[in-house]
Amino acid sequence: MRYSQLMLPTLKEDPAEAEVISHRLMFRAGMIRKVAAGIYSFLPLGLRVIQKVERIIREEMNRAGAQEVLLPCVQPAELWMESHRWQEYGKDLLRIEDRHSRDYCFGPTHEEVITDIARREIRSYRQMPLNFYQIQTKFRDEIRPRFGVMRCREFIMKDAYSFDTDEVGLGKSYQKMYEAYTRIFTRCGLTFEVVEAETGLIGGTASHEFMVLAETGEETIVSCQSCNYAANIQKAEAKRTRLRARSAKKIINPLKKVETPDKKTVEEVTKFLKVMPEDLVKTLIFETEQGVVATLIQGDHEINESKLGNLLGCDEVKLASDDLVLEVTGAPKGYAGPIGLSVKVIGDYAVESMVNFVTGANEQDAHYINVNLGRDVKVDQFADLRMVKEGDLCPRCGKSLNFSRGIEVGHIFKLGTKYSKALRATYLDENGREREIVMGCYGIGVARTAAAAIEQYHDEDGIIWPMPIAPFQVIVVPVNSKIEALMETAEEIYRLLVNNAVEVLLDDRDSSPGVKFKDADLIGVPLRVTIGEKNLKKGLVEIRRRKNGETTVIEKDRIVEAISALIHEEVKGSLHA
RNA sequence: CGGGGCGUAGCGCAGCCUGGUUAGCGCGCCUGCCUUGGGAGCAGGAGGUCGGCAGUUCAAAUCUGCUCGCCCCGACCA
């Protein structure tokens with residue numbers, strides 16, 4: 001490709017709206033342009049990167065035995081009603097009407113459509129296992145799109161769906177995808193971590209997220225320093241502390257009510273009573289589909305609403321309104337406590353080992369001290385209800401946990417029979433019995449993967465693409481376009497490299513060298529061949545590596561072998577990342 | 001949806017508070033000269049219904065109302 005013929009509009013200045021580094025650089029490098037909030041066009045350079053990522057995905061999906069299909073983006077409401085997601089999905093689902101006022105949606109994902117195919121085509125256990133995947137544009141009407149291509153409304157996604165006869169088969173399909181994903185992100189040159197995750201709206205029994213480690217990541221991930229435990233913060237658990245030594249020894253004091261005028265928050269109350277936050281139990285009232293429940297959490301801990309929801313089997317749990325708190329506890333918010341409550345009380349495991357703690361007295365301006373379980377408080381159930389925090393220990397091995405930030409680029413789910421049951425996708429087993437197909441689904445955010453690579457690999461001059469997903473592997477820069485010898489050599493090297501299947505961009509613009517160098521750095525091409533007058537007189541050209549600025553001068557006749565060796569080395573390097 | 005903010009040339013911004021000639025600046029773009037190993041220099045030039053609609057006024061980018069779009073923080077989410 002010749003630069004002069006490529007639509008590659010680079011910008012010197014950062015666009016005002018771009019906040020995160022990948023957004024800024026994709027914009028400045030002429031990869032993307034915004035069309036509307038959360039909706040982008042990909043310009044040629046951006047598309048090249050997307051296609052490189054897609055190619056790696058296709059190769060690995062095919063290797064894992066998956067078959068590519070193409071599904072519709074506009075889907076009939078009926079299918080979504082059958083799975084109940086027409087109601088459940090909420091406002092993220094972009095609903096549209098056709099000219100006959102029939103309801104459709106723009107597909108945010110494709111479980112319904114693929115399950116529809118499965119129920120029509122799969123009859124027998126002999127036809128499984130099967131795995132279909134598609135790479136296409138989806139739409140989720142995000143409340144607030146942000147971070148450029150990382151969190152958009154319209155986005156390119158690879159989704160795969162597996163169909164098995166039973167859980168054992170699903171386990172195998174899931175494992176294959178786990179391995180394929182590991183290969184995909186490794187081949188893209190990314191540093192990532194696989195974490196246990198929540199299943200969320202998609203539903204299902206088990207799930208892992210593939211997280212690219214980056215400061216700007218939206219997700220917090222927790223991982224063990226010594227074993228391989230790693231989980232999304234939403235899912236992460238901490239080792240349960242046994243009855244603490246200090247608690248075990250402590251004398252149980254008599255319950256006492258104390259005045260706490262105007263002290264509502266954990267901080268205010270503990271400061272006023274001169275105790276530590278971990279000596280207080282906060283009582284949080286929740287409104288759920290199962291009715292109102294009270295939860296008991298150690299003062300310095302945070303409730304994890306999704307854990308509570310999972311425990312109760314509810315899709316939605318909502319912190320009670322001030323009015324409801326008043327109704328349930330008889331006191332305004334800030335004075336709730338478990339003593340005398342008539343609703344179901346669920347305690348976090350950490351509370352189980354506490355003695356002589358502080359709680360609200362269900363009475364304005366009053367708290368109890370020396371509260372104890374059993375004697376004063378009846379807890380219906382203990383469970384893991386809290387967020388893991390710094391200092392907690394690994395639930396598997398007891399060593400310390402690390403906290404880091406990640407960008408979710410892939411997510412795999414064991415769906416089970418949720419959709420096959422709803423859409424009645426069944427098959428006949430060996431005994432002629434009708435059974436539900438067991439499904440899994442597996443997604444990768446394609447553009448997000450490219451953006452994550454930029455978050456991970458950039459410097460103050462621009463993008464530093466990993467070789468396998470770089471839009472071009474090499475850029476050829478003649479320093480002075482007015483000197484014929486330089487241009488001729490550049491052309492010659494360009495042709496040689498093209499003929500040897502190297503992806504090369506020839507900067508044939510009549511610009512000053514500074515401009516060409518700056519653009520080359522900005523768009524992040526891994527290797528630059530610089531052709532300057534002095535070197536050329538000695539029959540030499542220079543090769544510069546974007547990632548470390550390292551330059552080597554070689555005889556121009558050896559250019560093809562030198563470049564090939566470097567490409568090979570960098571591709572291999574990312575495989576071992 | 002709540003809170004904050006922004007819409008002026010392709011991009012980044014000033015002007016608005018305190019209304020008044022031809023609406024500026026930097027980058028980019030066009031022409032010419034010159035220059036060529038890290039976003040050169042000089043000269044000339046093109047490009048704006050100041051987001052839209054309505055109002056106040058002799059007069060609106062500037063004041064008022066409505067509206068549309070966008071950004072940031074939060075709740076939500078891949």
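Labels below follow one simple rule: chain letters A, B, ... track the order of the sequence lines, proteins then strands, and each chain is numbered from 1. The analysis underlying the following values was restricted to heavy atoms, covering all of them including side chains, and did not include hydrogens, waters or symmetry mates.
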Does [N] have OP1 or OP2 under 4.0 Å away from a side-chain N or O of [X]?
| X | N | answer |
| --- | --- | --- |
| A:Arg24 | B:C11 | no |
| A:Arg144 | B:C76 | no |
| A:Lys12 | B:G26 | no |

Are A:His110 and A:Lys138 close enough that some pair of their side-chain heavy atoms sits under 4.5 Å apart?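 In contact.
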
Whole angstroms only, please: what is the [atom1]-[atom2] distance between [X] and [N]?
| X | N | atom1 | atom2 | value |
| --- | --- | --- | --- | --- |
| A:Tyr89 | B:C76 | OH | P | 16 Å |
| A:Glu88 | B:C76 | CD | C1' | 16 Å |
| A:Leu319 | B:G74 | CG | P | 18 Å |
| A:Met487 | B:U36 | CE | P | 16 Å |
| A:Leu11 | B:C29 | CG | P | 11 Å |
| A:Glu219 | B:C76 | CD | C1' | 12 Å |
| A:Lys34 | B:G69 | NZ | P | 12 Å |
| A:Ile143 | B:C73 | CD1 | P | 14 Å |

Let's test your reading of the model: under 3.5 Å, does the base of [N] pair with the side chain of [X] as donor and acceptor?
| X | N | answer |
| --- | --- | --- |
| A:Glu13 | B:G28 | no |
| A:Glu542 | B:G37 | yes |
| A:Arg544 | B:G37 | no |
| A:Arg28 | B:G39 | yes |

Write down the distance separating the [atom1] atoms in [N] and [M], rounded off to the nearest Å.
| N | M | atom1 | answer |
| --- | --- | --- | --- |
| B:C63 | B:C16 | C1' | 10 Å |
| B:U62 | B:G19 | C1' | 6 Å |
| B:G7 | B:G52 | C1' | 11 Å |
| B:C29 | B:A40 | P | 11 Å |
| B:U49 | B:A23 | P | 13 Å |
| B:C42 | B:G47 | P | 24 Å |
| B:U64 | B:G5 | P | 14 Å |
| B:G10 | B:G51 | P | 13 Å |

State whether [X] and [Y] are salt-bridged, where the test is any N-O pair (Lys NZ or Arg NE/NH1/NH2 against Asp/Glu carboxylate O) under 4.0 Å.
| X | Y | answer |
| --- | --- | --- |
| A:Arg146 | A:Glu19 | no |
| A:Lys516 | A:Asp507 | no |
| A:Arg546 | A:Asp459 | yes |
| A:Arg183 | A:Glu179 | no |
| A:Lys418 | A:Glu111 | no |

Which of the following nucleotides, B:C76, B:C11, B:C13, is nearest to the side chain of A:Ala16?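 So the nucleotide nearest the side chain must be B:C13.
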
Between B:C71, B:C72, B:U35, which nucleotide has the shortest distance from any of its atoms to the side chain of A:Lys482?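 In terms of side-chain proximity for A:Lys482, the closest of B:C71, B:C72, B:U35 is B:U35.
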
Describe the nucleic acid contact of [X] in one word from base, sugar-phosphate, nothing, applying a heavy-atom distance below 4.0 Å.
| X | result |
| --- | --- |
| A:Asn535 | base |
| A:Ser481 | nothing |
| A:Gly443 | nothing |

Once you measure the plane-to-plane angle for [X] and [Y], does it fall in the parallel (<30°), tilted (30-60°) or perpendicular (>60°) bin?
| X | Y | result |
| --- | --- | --- |
| A:Phe210 | A:Phe192 | tilted |
| A:Tyr442 | A:Tyr174 | tilted |
| A:His411 | A:Phe413 | parallel |

Looking at [N], which nucleotide sits across from it as a Watson-Crick or G-U wobble partner, both distances under 3.5 angstrom, or is there none?
| N | answer |
| --- | --- |
| B:U18 | none |
| B:C63 | B:G55 |
| B:C25 | B:G12 |
| B:G48 | none |
| B:G69 | B:C6 |

Between A:Thr551 and A:Asp14, just flag the one whose closest nucleotide in RNA chain B comes earlier from the 5' side.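 Result of the comparison: A:Asp14.
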
Please figure out whether A:Ala37 or A:His411 has its closest RNA chain B nucleotide nearer the 5' end.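 Comparing both residues, the 5'-ward one is A:Ala37.
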
Tell me the closest heavy-atom pair linking A:Ala490 and A:Leu506, and the distance in Å.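 Closest heavy-atom pair between A:Ala490 and A:Leu506: CB-CD1, 3.9 Å.
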
Identify, residue by residue, the members of residues 504-528 of chain A with a heavy atom below 4.0 Å from RNA chain B, and return them in order of residue number, or none.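 A:Asp510, A:Ser511, A:Ser512, A:Pro513, A:Gly514, A:Val515, A:Phe517, A:Lys518, A:Asp519, A:Asp521, A:Arg528, in order of number.
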
